[in-house]
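Along the sequence shown, residues carry numbers from 1. Both ligands and their constituent atoms are indexed starting at 1 by order of listing.
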Amino acid sequence: MAEIFKNIPEIKYEGPASKNNLAFKFYDPEKVVLGKTMKEHLPFAMAWWHNLCAGGTDMFGRDTADKTFGAEKGTMAHAKAKVDAGFEFMQKLGVEYFCFHDVDIVPEADDINETNARLDEISDYIIEKMKETGIRCLWGTANMFSNPRFMNGAGSTNSADVYCFAAAQIKKALDLTVKLGGKGYVFWGGREGYETLLNTDMKFEQENIARLMKMAVEYGRKIGFTGDFYIEPKPKEPMKHQYDFDAATAIGFLRQYGLDKDFKMNIEANHATLAGHTFQHELRVSAINGMLGSIDANQGDYLLGWDTDEFPFDVYEATMCMYEVLKAGGLTGGFNFDAKNRRPSNTHEDMFEAYVLGMDTFALGLLNAAKIIEDGRIDEFVANKYSSFRNTEIGSKILSGDATLEDLAAYAADKKNVETPCSGKQERLEGIINNILFG
Ligand code: XLS
Ligand code: NI
Ligand code: NI
């Protein structure tokens, strides 16, 4: 196999003092943090679509980056060249997982049977590479948003025929995920939503999405898929309003339709901020509901209102992310770089530098989060803040569920007045974080 990224060496850890662009400054895979290696804490994954397919096209201009990897675009030879490039890329970086949509790995044909035959062929080829390298599949998914047939939705479409095509794609993508040993299967509903309620039966659409997910779970379990199904919440884009708006909404939906035992969340940082939340908020909501599954590791731009899918660079955000992940006991999934180079960063070297940035940012996040936990001041403050419920008779009575509204009202009447509760100390706590990070 001819080397594709000829000028790029294997990326190694050189430490914070290194000035080498193609070396890790913080990601030291074998370094032990809180009892586990960095590599174990941070199962990184490459997103096939952004890294191997997207060349920078936007609505104002065509590709700036060459992702042909020496083959003719849109051919099976190109599909194979992408596999070669992808595995060389992951190996050189020490990235151990990948994520894919069906149509990322082969060019879609006019006839779905032909597309499926191509998927069989390419997945055989991918398996060979997986065996050679030990690289694994984190999750698979079906692209049910690009093809024009999905313009009115996939699970939420008005057309029963289109619904069957969505089902057929999910079935095949599940077959592939199982064949490749994927840990998870993602539903991201980019077209599952509406532009205007004037033409939309929201209840009908949501019930149909649930039916499709139920069928997917039944089929997946039947063919031996033991991993998690994930919903990846996103409030908007491409639709004006998407049904999987945020984690709380998606979790409510799953519970309503009895899907909560099979599904978890795949939380993407940029989707969180589009929903008006912090990344940490979405992780916390998922974690406290027992549904923190996997992460799409990227970052948005606070000045722009769309999904910019930038490589993560914000160390504070990565720190609070890793704080949530550590407190939740880790992820069953991993950290998928659902991120793309900026359009002017158009060289192959830029692809590698972006991953070095992302991996180093999360390594810093991990190191910082471990320090916050070891320091203990934040956790101690939060525990103390609620101590009146644990250390007093009335508090314990409330927590035990034995108290009635009348009991509490009688207690208040007896006390006559109440002091303001303890200070929230936000500024002190923010200072503690700075002190831990930079002290
Ligand atoms: C798009 C989503 C998408 C999913 C997979 O905004 O992030 O890339 O991760 O379909
Ligand atoms: Ni996204
Ligand atoms: Ni994503």
Side-chain angles (χ1 to χ4, degrees), residues 44-54 57-59 97-105 108 137-147 150 153-156 166 169-170 172-174 176-177 182-193 209 212-213 216 228-247 250 263-277 279 282-283 286 292-302 304-312 317 321 331 333-342 354 358 362:
F44 290 125
M46 177 194 76
W48 210 276
W49 53 105
H50 281 315
N51 203 45
L52 305 174
C53 308
T57 291
D58 65 17
M59 50 287 217
Y97 292 91
F98 62 88
C99 300
F100 71 99
H101 301 82
D102 46 2
V103 305
D104 301 337
I105 57 175
E108 204 176 358
C137 172
L138 184 65
W139 52 255
T141 187
N143 176 326
M144 305 195 299
F145 43 90
S146 295
N147 193 299
F150 296 123
S156 60
Q169 270 187 255
I170 295 170
K172 190 67 186 175
L174 273 166
L176 291 170
T177 303
K183 289 174 46 149
Y185 183 87
V186 163
F187 281 89
W188 170 64
R191 305 275 176 201
E192 315 290 31
I209 294 171
L212 193 57
M213 288 182 173
D228 288 319
F229 288 87
Y230 299 124
I231 283 188
E232 184 179 321
K234 185 175 182 182
K236 57 185 169 189
E237 197 207 354
M239 301 300 273
K240 172 175 137 182
H241 181 100
Q242 280 159 217
Y243 296 135
D244 300 328
F245 192 93
D246 60 2
F263 274 81
K264 288 192 165 70
M265 295 295 115
N266 180 39
I267 296 298
E268 176 166 323
N270 202 162
H271 298 181
T273 48
L274 284 178
H277 302 306
F279 186 20
E282 287 294 83
L283 296 166
S286 306
L292 178 55
S294 206
I295 284 178
D296 269 11
N298 67 9
Q299 133 180 356
D301 187 314
Y302 289 102
L304 302 174
W306 64 91
D307 200 12
T308 56
D309 287 344
E310 293 170 37
F311 279 89
E317 197 170 67
C321 165
L331 298 176
F335 296 81
N336 167 46
F337 286 114
D338 192 356
K340 59 183 180 219
N341 283 101
R342 295 307 84 194
F362 270 82

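Residues P233 and M265 are in side-chain contact: their nearest non-hydrogen atoms beyond the backbone lie under 4.5 Å apart.
The N, O or S atom of D307 lying closest to the Ni ion (ligand 2) is OD2.
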Walk me through whether N298 and D309 qualify under side-chain hydrogen bond (donor to acceptor under 3.5 Å, both in side chains). CA-CA 6 Å; N298 67 9; D309 287 344; 2.9 Å; yes

Could you give me the CA-CA distance, side-chain angles and deciding distance for N336 and D296, then say whether side-chain hydrogen bond (donor to acceptor under 3.5 Å, both in side chains) is met? CA-CA 5 Å; N336 167 46; D296 269 11; 2.9 Å; yes

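The aromatic rings of F337 and F362 sit perpendicular, their planes meeting at an angle over 60°, well past the 30° parallel limit. Note on ring orientation: taking the six-membered ring where Trp is involved, the planes of H101 and F145 are perpendicular (angle over 60°, cut-offs 30° and 60°). In this pair, Y185 and F187 present their aromatic rings perpendicular. The plane angle is above 60°, beyond the 30 to 60° band.
Side-chain N or O atoms of Q242 include one that pairs as donor or acceptor with a backbone N or O of E237 at under 3.5 Å. The closest donor-acceptor contact from the side chain of N266 to the backbone of G293 lies at 3.5 Å or more, if one exists at all.
By the 4.0 Å N-to-carboxylate-O rule, K234 lies close enough to D307 to be salt-bridged with it.
Counting only protein N, O or S atoms, the number found under 2.8 Å from the Ni ion (ligand 3) is 4.
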Enumerate the pairs of nitrogen or oxygen atoms, one from ligand 1 and one from the protein, separated by less than 3.5 angstrom; state names and distance to 0.1 Å.
unit_1: ligand 1; atom_1: 6 (O); unit_2: K234; atom_2: NZ; d: 2.9
unit_1: ligand 1; atom_1: 6 (O); unit_2: H271; atom_2: NE2; d: 3.1
unit_1: ligand 1; atom_1: 6 (O); unit_2: D307; atom_2: OD2; d: 2.9
unit_1: ligand 1; atom_1: 7 (O); unit_2: E232; atom_2: OE2; d: 2.7
unit_1: ligand 1; atom_1: 7 (O); unit_2: E268; atom_2: OE1; d: 2.7
unit_1: ligand 1; atom_1: 7 (O); unit_2: H271; atom_2: NE2; d: 3.3
unit_1: ligand 1; atom_1: 7 (O); unit_2: D338; atom_2: OD2; d: 2.7
unit_1: ligand 1; atom_1: 8 (O); unit_2: W49; atom_2: NE1; d: 3.3
unit_1: ligand 1; atom_1: 8 (O); unit_2: D338; atom_2: OD2; d: 3.0
unit_1: ligand 1; atom_1: 9 (O); unit_2: E232; atom_2: OE1; d: 2.7
unit_1: ligand 1; atom_1: 9 (O); unit_2: E232; atom_2: OE2; d: 2.9
unit_1: ligand 1; atom_1: 9 (O); unit_2: D296; atom_2: OD2; d: 3.0
unit_1: ligand 1; atom_1: 9 (O); unit_2: D338; atom_2: OD2; d: 2.9
unit_1: ligand 1; atom_1: 10 (O); unit_2: H101; atom_2: NE2; d: 2.7

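Side-chain contact of D228 with W139: a donor-acceptor pair under 3.5 Å is absent, judged by distance alone.
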